[in-house]
Amino acid sequence: MTLTGDPRRWATEPGIPGVVHVLNPYHGIQRGWDTAQVALARIEETIQLEGPQTIAAFFIEPVTGTNGVLVPPDGFIQGIRDLCTKYGILMVADEVMSGFGRTGEWFAVDHWRVVPDLITMAKGLTSAYVPLGALGMRRAIADHFQDKVFYGGLTYNSHPLACATALATLQVYEDDNLCDNTRRMGAVMKELMAGLQAKHPIVGEVRSLGLFGVIELVKDRQSMEPLAPFNGSSEPMNRLRKFFRDEGLYTFVRMNYFFANPPLIITEEELRHGFDIFDRALTQIAG
Ligand SMILES: Cc1ncc(COP(=O)(O)O)c(C=O)c1O
């Protein structure tokens, strides 16, 4: 909770000491995106001010999930890798949401050919049929614990049922080529999202990578004021949520945005059906 940039952190503060947050390249719908170079320069400045030798690890969601499917500009993730290597900092990729084909590659970092030092995994690891989280790491880090105690533990550490579920799930990802399907359907989804943006003035920005997508809503295109405040809701967003439910469409609606994160097995017909509901919902709340 201390690590996250999500506002749910506020309730748990002051949290653990020694955590410093840095800005990502996205500053919200009104201020938009920095280039990779600008964002990286700011992060390098923070590293220097904090003292690189005092920094054990740098945690990042390569494509930030719940906080808005933030697909970073090309060069950003590579730049974070380079900064970590330059200053001897371990790079930890949090792929709990973005892992296991969600973005059209096994892991989001694969889009930029980046290898982190540690990688966190959960949700897609078992397709959520059984709860399981995992941490992958470079051999040298694992070897450290050959003769040193890892001071931690879990009741259900490596639970056989969960591990068997993960193995079976991974087999399905491979046998059914779900990364391929995600890339194909992701291309269709990109077009459908662009269609929503072209048609509805309340759509401020759409972002997606594979089947990981978000639609951000604004009051109007001139002010680009979000349709709900940061960490808040609003009457139109609540109406949108209700419309989706009434139509039998279950998706995550948060602040001024809603997600398009369909199952990786989705067909084009099903995807178009879902977007038809999005389309009608946007017409309804704009009217
Ligand atoms: C990106 C990300 N990291 C970490 C977590 C926490 O994962 P877990 O619930 O497996 O501890 C979540 C949970 O929703 C998440 O979305």
Side-chain angles (χ1 to χ4, degrees), residues 1-13 15-16 19-26 56-72 76-77 80-81 84 90-112 114-137 150-167 169-170 173 182 207-216 230-231 250-255 257-264:
M1 286 310 294
T2 309
L3 289 170
T4 187
D6 187 286
R8 282 173 287 179
R9 185 188 77 239
W10 302 345
T12 70
E13 285 182 335
I16 58 168
V19 174
V20 173
H21 295 95
V22 293
L23 290 171
N24 68 45
Y26 187 58
F58 187 101
F59 288 73
I60 185 169
E61 279 183 87
V63 175
T64 299
T66 301
N67 281 301
V69 188
L70 306 178
V71 183
F76 182 68
I77 300 298
I80 294 293
R81 174 68 274 181
C84 288
L90 294 175
M91 178 181 177
V92 189
D94 180 348
E95 296 250 12
V96 166
M97 273 184 91
S98 55
F100 297 101
R102 172 54 55 194
T103 65
E105 297 278 354
W106 276 99
F107 293 99
V109 284
D110 295 335
H111 285 279
W112 299 283
V114 160
V115 182
D117 299 298
L118 297 108
I119 188 164
T120 66
M121 300 166 259
K123 309 185 196 304
L125 177 58
T126 60
S127 197
Y129 287 113
V130 170
L132 182 68
L135 178 67
M137 65 196 75
F150 173 71
Y151 290 101
L154 299 164
T155 305
Y156 299 119
N157 204 340
S158 307
H159 193 287
L161 174 68
C163 291
T165 308
L167 288 174
T169 303
L170 296 182
Y173 284 125
T182 300
R207 297 183 287 275
S208 69
L209 190 61
L211 288 172
F212 204 18
V214 78
I215 291 106
E216 259 204 83
F230 181 69
N231 199 34
Y250 291 84
T251 195
F252 192 13
V253 179
R254 192 182 197 227
M255 302 187 211
Y257 47 85
F258 65 93
F259 291 79
N261 297 346
L264 308 190

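Each ligand, and each atom within it, is numbered from 1 in the order the structure gives. What you see is a predicted model; the values in this text were computed from it and never measured.
For Tyr129, the OH atom sits in a loose shell: 12 or fewer heavy atoms of surrounding residues, nucleotides or ligands are nearer than 6.0 Å. In the displayed structure, Phe230 atom CZ is contacted under 6.0 Å by more than 12 heavy atoms of other residues, nucleotides or ligands.
No option in Leu90, Val92, Val22 other than Val22 meets the side chain to side chain contact (heavy atoms under 4.5 Å, CB included) test with Phe58.
Arg81 places no side-chain N or O within donor-acceptor distance of the main-chain N or O of Met91, the cut-off being under 3.5 Å.
Classified by interplanar angle (parallel below 30°, tilted 30° to 60°, perpendicular above 60°), the ring pair Trp106/Phe100 is perpendicular.
The cationic group of Arg207 does not satisfy the cation-pi geometry with Tyr257, failing either the under 6.0 Å distance to the six-membered ring centre or the 45° limit from the ring axis.
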Could you go through ligand 1 and note, for every N or O atom, any protein N or O atom closer than 3.5 angstrom, writing the atom names and distance to 0.1 Å, or 'none'?
unit_1   : atom_1 : unit_2 : atom_2 : d
ligand 1 : 3 (N)  : Asp94  : OD1    : 3.2
ligand 1 : 3 (N)  : Asp94  : OD2    : 2.6
ligand 1 : 14 (O) : Lys123 : NZ     : 2.7

